[in-house]
Amino acid sequence: MRIATWNVNSLRARRERVIEWIAESEVDVLCLQETKMTDEAYQALDLGQFGFESAHYGFGQWNGVAILSKVGLTDVQVNFASGVEPDHESRIITATCGGIRVSSVYVPNGRALDHDHYQYKLGWLDRLVAHLEVDTSPDAPVIVAGDINIAPEDRDVYDIDALAGSTHVSAAERARIANIERWGMTDLFRHHHREESGIYSWWDYRNGDFHKGRGMRIDLIWGTRPVVEASRWCIIDRNARKGTQPSDHAPVVAEIAL
DNA sequence: ATGGTAGCATCGCTA
């Protein structure tokens, strides 16, 4: 099974690019973030015509997440699992696809270290762990894929000194990553690329950052042990960031022999 | 040089 995550920065604006990419990438499961659509507008896209079952959770304008699957899609959960304080925004959707419990997540940006949104981000990541504890087990095949809005290590950003005092690299954010990985998650890209640095999944639209190689690796596919053991490779498709009207994020793709 | 671009419910916010 091939699974990918992609923050598309408006599925309406990215419709043609996403449809093209679905065909060439041969993904079986696709987690989308920032669809910026209502559920009604999403249904009108009729992505079923490309062979996918899918589930979407969005209110329009901002956020919005989806899971598309060619290997089944059951037990859909929008928002956090019951028992966890619900989120007021559409940032997580979960479904079982091909025997794997898959969540598509769009972690809050945080905006600035002294902003309320940063506290919302940290709390959201705490609730994500609570969600996993309620919804599933680290011994089961589980994937959390999405725009995490945190670079796990200094080598995952183009210039750590330039980012001093910024979100996405703070100790408190990275402590949340550690919590998720302590629960049982492994970053599949890092698992397969132990020594590499300078590989990114997001580049600011401004200032020619993509062409200057100024990006961050903030989109992850996390898997539990059964997923890691079955995983064959994981790549970031930076070609999808090229050309006309790209998203500012590239897809992350993993091959799982399950 | 504190800029720049893209998307949205567009003149202000979010990323």
Side-chain angles (χ1 to χ4, degrees), chain A residues 5-21 31-45 47 56-66 87-93 104-125 128 145-152 156-170 172-174 176-177 200-220 236-252:
Chain A
T5 179
W6 195 6
N7 178 325
V8 293
N9 185 20
S10 171
L11 186 52
R12 184 176 296 101
R14 221 64 61 208
R15 182 178 168 280
E16 292 304 322
R17 300 251 342 197
V18 170
I19 289 168
E20 242 173 64
W21 190 83
C31 297
L32 298 177
Q33 301 85 38
E34 279 208 273
T35 63
K36 298 185 176 179
M37 276 188 168
T38 61
D39 293 340
E40 291 71 25
Y42 178 84
Q43 290 308 321
L45 288 177
L47 295 177
H56 178 270
Y57 179 43
F59 308 128
Q61 188 177 16
W62 289 316
N63 315 309
V65 287
D87 190 19
H88 64 290
E89 298 183 334
S90 48
R91 295 180 175 275
I92 177 168
I93 187 167
S104 175
V105 302
Y106 177 42
V107 175
N109 174 284
R111 299 183 193 165
L113 298 186
D114 60 356
H115 199 290
D116 286 347
H117 205 258
Y118 179 72
Q119 296 306 320
Y120 169 54
K121 180 180 196 172
L122 298 179
W124 200 95
L125 289 158
L128 178 57
D147 178 357
I148 307 307
N149 265 319
I150 305 167
D156 295 314
V157 303
Y158 68 95
D159 183 352
I160 191 63
D161 296 327
L163 292 165
S166 302
T167 59
H168 294 62
V169 297
S170 73
E173 287 164 281
R174 286 176 173 171
R176 267 56 182 195
I177 286 186
Y200 309 128
S201 65
W202 170 86
W203 300 260
D204 199 305
Y205 283 121
R206 296 171 287 187
N207 211 29
D209 276 6
F210 178 65
H211 300 286
K212 292 175 184 169
R214 297 158 57 94
M216 298 194 218
R217 192 172 71 87
I218 57 175
D219 299 86
L220 305 187
I236 299 175
D237 182 9
R238 70 186 293 284
N239 285 330
R241 180 63 174 77
K242 300 177 182 173
T244 55
Q245 291 187 291
S247 169
D248 46 354
H249 294 254
V252 185

Measure CG/Asn7(A) against C1'/dT14(B) and give the value in whole Å, please. 12 Å

How far apart are the C-alpha atoms of Lys121(A) and His168(A), what are their side-chain angles, what is the distance that settles it, and do they pass the side chain to side chain contact (heavy atoms under 4.5 Å, CB included) test? CA-CA 10 Å; Lys121(A) 180 180 196 172; His168(A) 294 62; 4.0 Å; yes

Check each residue of residues 211-219 of chain A for a non-hydrogen atom within less than 4.0 Å of any atom in DNA chain B, then write out the ones that pass by number, or none. none

Suppose you measure atom C1' in dC8(B) against the same atom in dG3(B); what distance do you get, rounded to whole Å? 23 Å

With distance as the sole test, does Arg241(A) use its side chain to make a donor-acceptor pair with the main-chain N or O of Ala250(A) at under 3.5 Å? no

Base, sugar-phosphate, or nothing: which does Phe210(A) touch, judged by heavy atoms less than 4.0 Å apart? nothing

Report yes or no: is the cationic atom of Arg217(A) (NZ for Lys, CZ for Arg) closer than 6.0 Å to the six-membered ring centre of Tyr200(A), at no more than 45° off its axis? no

Keeping Ser247(A) on the side-chain end and Asn7(A) on the backbone end, is there a donor-acceptor pair under 3.5 Å? yes

Do nucleotides 3-13 of chain B as a string where each nucleotide becomes B, S or -: B if the base has a protein heavy atom under 4.0 Å, S if just the sugar-phosphate does, - if no protein is that close. -BBSSSB----

Under 3.5 Å, is there a donor-acceptor pair between the side chain of Arg17(A) and the main chain of Thr244(A)? yes

Send over the distance from Tyr106(A) OH to dT14(B) P, rounded to a whole Å. 11 Å

Is there a donor-acceptor contact under 3.5 Å from the side chain of Arg14(A) to the main chain of Val8(A)? yes

Rounded distance in Å between the C1' positions of dG4(B) and dA9(B): 25 Å

Verify the distance criterion only: is there a donor paired with an acceptor across the side chains of Glu173(A) and Thr167(A) at less than 3.5 Å? no

